[in-house]
Amino acid sequence: MSAIRHDWSRNEIRALFDLPFMDLMFRAQTVHRANFDPNAVQVSTLLSIKTGACPEDCKYCSQSGHYDTGLDKEKLLEIQKVVEEALNAKEKGASRFCMGAAWRSPREKDMPYVLEMVKQVKALGLETCMTLGMLSADQAQQLAEAGLDYYNHNLDTSPEHYGKIITTRTYDDRLNTLGHVREAGIKVCSGGIVGLGEARDDRVGLLMQLANLPAHPESVPINMLVKIEGTPLGNVDDLDPFEFIRTIAVARMLMPASHVRLSAGRETMNDEMQALCFMAGANSIFYGEKLLTTPNPEAAHDRQLFTRLGINTQTAVDVSDESRAEAIAQSVRQQQLSSLTRDAMATRDTVN
Ligand code: SAM
Ligand code: DTB
Ligand code: SF4
């Protein structure tokens with residue numbers, strides 16, 4: 001096992017990035033093998049439960065209300081629809097279901113719905129993850145009590161580059177939310193995006209922030225920017241693919257026991273590039289044809305790639321037919337309840 005450290009210096013991390021590619025890959029793979037089965041990859045499926053009209057101004061995002069990206073907005077999905085999508089994901093082989101909302105933070109009146117989603121998805125035997133923006137300590141506690149396994153909230157980039165990407169919430173706001181999630185006993189999923197036009201030192205700075213948190217996130221998504229027309233980053237220069245792989249390798253070395261997720265951007269990566277990302281220590285992916293609003297590789301293609309590489313995936317806990325039937329029945333009851341409130345929901349302000 002490699003030592004778990006929280007005192008990485010900028011120069012140590014720079015030195016890892018500067019290694020010859022083969023040396024970096026060898027060292028990352030060695031750390032990976034000391035901590036994980038090198039042929040196992042965890043798979044999560046994403047669903048956008050509330051899409052678009054987000055009040056935040058993240059310059060990469062299709063869902064920000066600040067840019068015209070031509071995205072169809074959708075209000076909070078019905079609970080039953082979420083349960084159906086979770087069942088589909090489970091049947092295709094996902095072990096975790098991650099629900100994302102384009103909110104600055106959930107409003108109090110949204111909470112009963114998201115808590116019910118957590119309970120019902122969990123009842124299917126899937127691990128649950130949510131990403132709903134900033135959380136108060138109390139909201140994190142409520143999610144923990146509902147049984148939420150993971151909360152995703154990314155630092156996105158280095159503190160130095162951050163102001164060029166988002167102005168409507170601060171780096172400290174993000175760190176506070178991560179603190180509330182950790183405090184509530186929910187597992188932390190936090191990573192960032194590369195290819196935003198940042199310098200290598202910003203990738204160093206992002207990984208340094210993540211690795212020097214009081215506890216490493218259990219899950220570290222590394223997203224390659226998916227360029228969205230209409231956003232300020234829609235035409236940014238491509239990042240060198242080897243630099244993306246290096247970022248994964250360094251994340252693996254700094255956070256040896258965390259799952260590092262090869263996240264957004266796989267749609268434009270060939271199979272060989274993805275294999276190098278797994279070699280560098282990535283051991284999780286988003287699986288299923290859609291991320292939140294943009295395409296992801298076909299599930300059948302991913303299964304074929306895993307077979308070609310001899311990669312195994314963890315599957316969801318097999319729940320009995322009875323508990324599955326109960327989960328569906330409960331969802332139908334909820335649907336009846338929510339139709340009573342649908343009129344009220346329909347008049348909700350779509351912005352947040
Ligand atoms: N609204 C919530 C928030 O930002 O906290 C949750 C959803 S948001 C889409 C989750 C993360 O997805 C962002 O923090 C960012 O790292 C990543 N992301 C969003 N748009 C992306 C894009 N176009 N390309 C790559 N990653 C993206
Ligand atoms: C994360 O780090 N990546 C996911 C998840 N957390 C929520 C989102 C990727 C979004 C990619 C662009 C889109 O589909 O809108
Ligand atoms: Fe997009 Fe999330 Fe930023 Fe909203 S907060 S613009 S959904 S990344």
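Only this structure's heavy atoms are used, side chains among them; waters, hydrogens and symmetry mates stay out. For ligands, and for the atoms within them, numbers begin at 1 and follow the listed sequence. The structure presented is a predicted model; accordingly, all values stated were derived computationally and were not measured. We number each residue from 1, following the sequence as shown.
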S.K.: So, Lys50 side chain and Ala102 main chain: donor-acceptor pair closer than 3.5 Å or not?
M.R.: yes

S.K.: Looking only at side-chain N and O atoms, does Asp138 offer a donor or acceptor that is under 3.5 Å from a partner on His180?
M.R.: no

S.K.: For atom 24 (N) of ligand 1, what's the nearest protein heavy atom and its distance?
M.R.: Val226 N, 2.9 Å

S.K.: Could you walk me through whether Leu254 and Arg5 pass the side-chain contact (heavy atoms from CB on, under 4.5 Å) check?
M.R.: CA-CA 8 Å; Leu254 302 188; Arg5 292 178 45 195; over 6 Å; no

S.K.: May I ask you to identify, for Arg104, whether its side chain, its backbone, both or neither come under 4.0 Å of ligand 3 on a heavy-atom basis?
M.R.: neither

S.K.: Is it the case that the side chains of Arg308 and Gln304 hold a donor-acceptor pair, with the cut-off being a distance below 3.5 Å and no angle test?
M.R.: no

S.K.: If you round to the nearest 0.5 Å, how far is CG of Leu206 from CD of Glu160?
M.R.: 10.5 Å

S.K.: Just checking: Cys61, one of its N/O/S atoms, less than 2.8 Å away from atom 1 (Fe) of ligand 3, yes or no?
M.R.: yes

S.K.: Please check this pair: side chain of Tyr287 against backbone of Lys92, looking for a donor-acceptor N/O pair closer than 3.5 Å.
M.R.: yes

S.K.: Checking the N or O distance criterion of under 3.5 Å, is ligand 1 in contact with Arg174?
M.R.: no

S.K.: Give the atom numbers and elements of ligand 1 that come within less than 4.0 Å of a heavy atom of Gly133.
M.R.: 2 (C), 5 (O)

S.K.: How about CG on Asp240, more than 12 heavy atoms from neighbouring residues, nucleotides or ligands closer than 6.0 Å, or not?
M.R.: yes

S.K.: Closest non-hydrogen protein atom to atom 12 (O) of ligand 1, residue and atom name please, with distance?
M.R.: Asn154 ND2, 4.3 Å

S.K.: What do you reckon, does Leu225 have a nitrogen or oxygen under 3.5 Å from a nitrogen or oxygen of ligand 1?
M.R.: no

S.K.: Which residue owns the protein heavy atom closest to atom 1 (N) of ligand 1, what's the atom, and how far is it?
M.R.: Ala101 O, 3.2 Å

S.K.: Of the side chain and backbone of Thr131, name the one, both, or neither that has a heavy atom under 4.0 Å from an atom of ligand 1.
M.R.: both

S.K.: What residue and heavy atom of the protein are closest to atom 4 (Fe) of ligand 3, and at what distance?
M.R.: Cys54 SG, 2.3 Å

S.K.: Check for me whether Arg169 has a heavy atom closer than 4.0 Å to any atom of ligand 1.
M.R.: yes

S.K.: Regarding Glu145 and Lys119, does a basic nitrogen lie under 4.0 Å from an acidic carboxylate oxygen?
M.R.: no

S.K.: Is any N or O atom of Leu292, backbone or side chain, closer than 3.5 Å to an N or O atom of ligand 1?
M.R.: no

S.K.: Could you tell me if any non-hydrogen atom of Met224 lies under 4.0 Å from any atom of ligand 1?
M.R.: yes

S.K.: Atoms of ligand 3 less than 4.0 Å from Arg169 heavy atoms?
M.R.: 5 (S)

S.K.: Is there a side-chain contact between Leu19 and Met25, using heavy atoms and a 4.5 Å cut-off?
M.R.: no

S.K.: Nearest protein heavy-atom contact for atom 21 (C) of ligand 1: which residue, which atom, what distance?
M.R.: Tyr60 CD1, 3.7 Å

S.K.: Looking only at distances, can you tell me whether any N or O atom of Asn152, backbone or side chain, sits closer than 3.5 Å to an N or O atom of ligand 1?
M.R.: no

S.K.: Does even one non-hydrogen atom of Ser62 get within less than 4.0 Å of ligand 1?
M.R.: no

S.K.: For ligand 2, give me the residues whose heavy-atom distance to it is below 4.0 Å, by chain and number please.
M.R.: Leu46, Ser62, Thr131, Asn152, Asn154, Pro221, Asn223, Ala264, Phe286, Leu291, Leu292, Thr293, Thr294

S.K.: For Met279, does the CE atom sit with more than 12 other heavy atoms under 6.0 Å from it, leaving out its own atoms?
M.R.: no

S.K.: Within a distance under 4.0 Å of any heavy atom of Trp103, pick out the atoms of ligand 1 and give their elements.
M.R.: 1 (N)

S.K.: Side chains of Thr69 and Ser62: is there a donor and an acceptor less than 3.5 Å apart?
M.R.: no

S.K.: If you measure every N/O of Asp156 against every N/O of ligand 1, is any gap under 3.5 Å?
M.R.: yes

S.K.: Just by distance, do the side chain of Gln63 and the backbone of Cys54 share a donor-acceptor pair under 3.5 Å?
M.R.: no

S.K.: Under a 3.5 Å cutoff, is there a donor and acceptor pairing between the side chains of Ser64 and Asp57?
M.R.: no

S.K.: Closer than 4.0 Å and a protein heavy atom, does any atom meet both conditions relative to atom 2 (Fe) of ligand 3?
M.R.: no

S.K.: Do Glu108 and Gln139 meet the criterion of a side-chain donor-acceptor pair at a distance under 3.5 Å?
M.R.: yes

S.K.: Check if Gly100 has a non-hydrogen atom at a distance under 4.0 Å from any atom of ligand 1.
M.R.: no

S.K.: Counting only heavy atoms not in Glu243, do more than 12 sit closer than 6.0 Å to its CD atom?
M.R.: yes

S.K.: Quick one: nearest non-hydrogen protein atom to atom 27 (C) of ligand 1, plus distance?
M.R.: Ile193 CD1, 3.8 Å

S.K.: Provide the number and element of each atom of ligand 3 under 4.0 Å from a heavy atom of Ala102.
M.R.: 7 (S)

S.K.: Would you kindly say whether Arg261 and Ser219 are connected by a side-chain donor-acceptor distance under 3.5 Å?
M.R.: yes

S.K.: List every atom of ligand 1 that sits less than 4.0 Å from any heavy atom of His153, numbering the atoms from 1 in the order shown and giving each element.
M.R.: 5 (O)

S.K.: Name the option, out of Glu56, Lys50, Gln63, that contains the heavy atom nearest to atom 5 (S) of ligand 3.
M.R.: Glu56

S.K.: More than 12 heavy atoms of other residues, nucleotides or ligands under 6.0 Å from CG of Asn270: yes or no?
M.R.: yes

S.K.: Can Gln42 and Ser284 be counted as having a side-chain donor-acceptor contact under 3.5 angstrom?
M.R.: yes

S.K.: When you measure from the heavy atoms of His66 to every atom of ligand 3, does any distance fall below 4.0 Å?
M.R.: no

S.K.: Do Glu198 and Thr157 pair up side chain to side chain, a donor and an acceptor below 3.5 Å, judged on atom types alone?
M.R.: no

S.K.: Which atoms of ligand 3 have any heavy atom of Cys58 under 4.0 Å away?
M.R.: 3 (Fe), 5 (S), 6 (S), 8 (S)

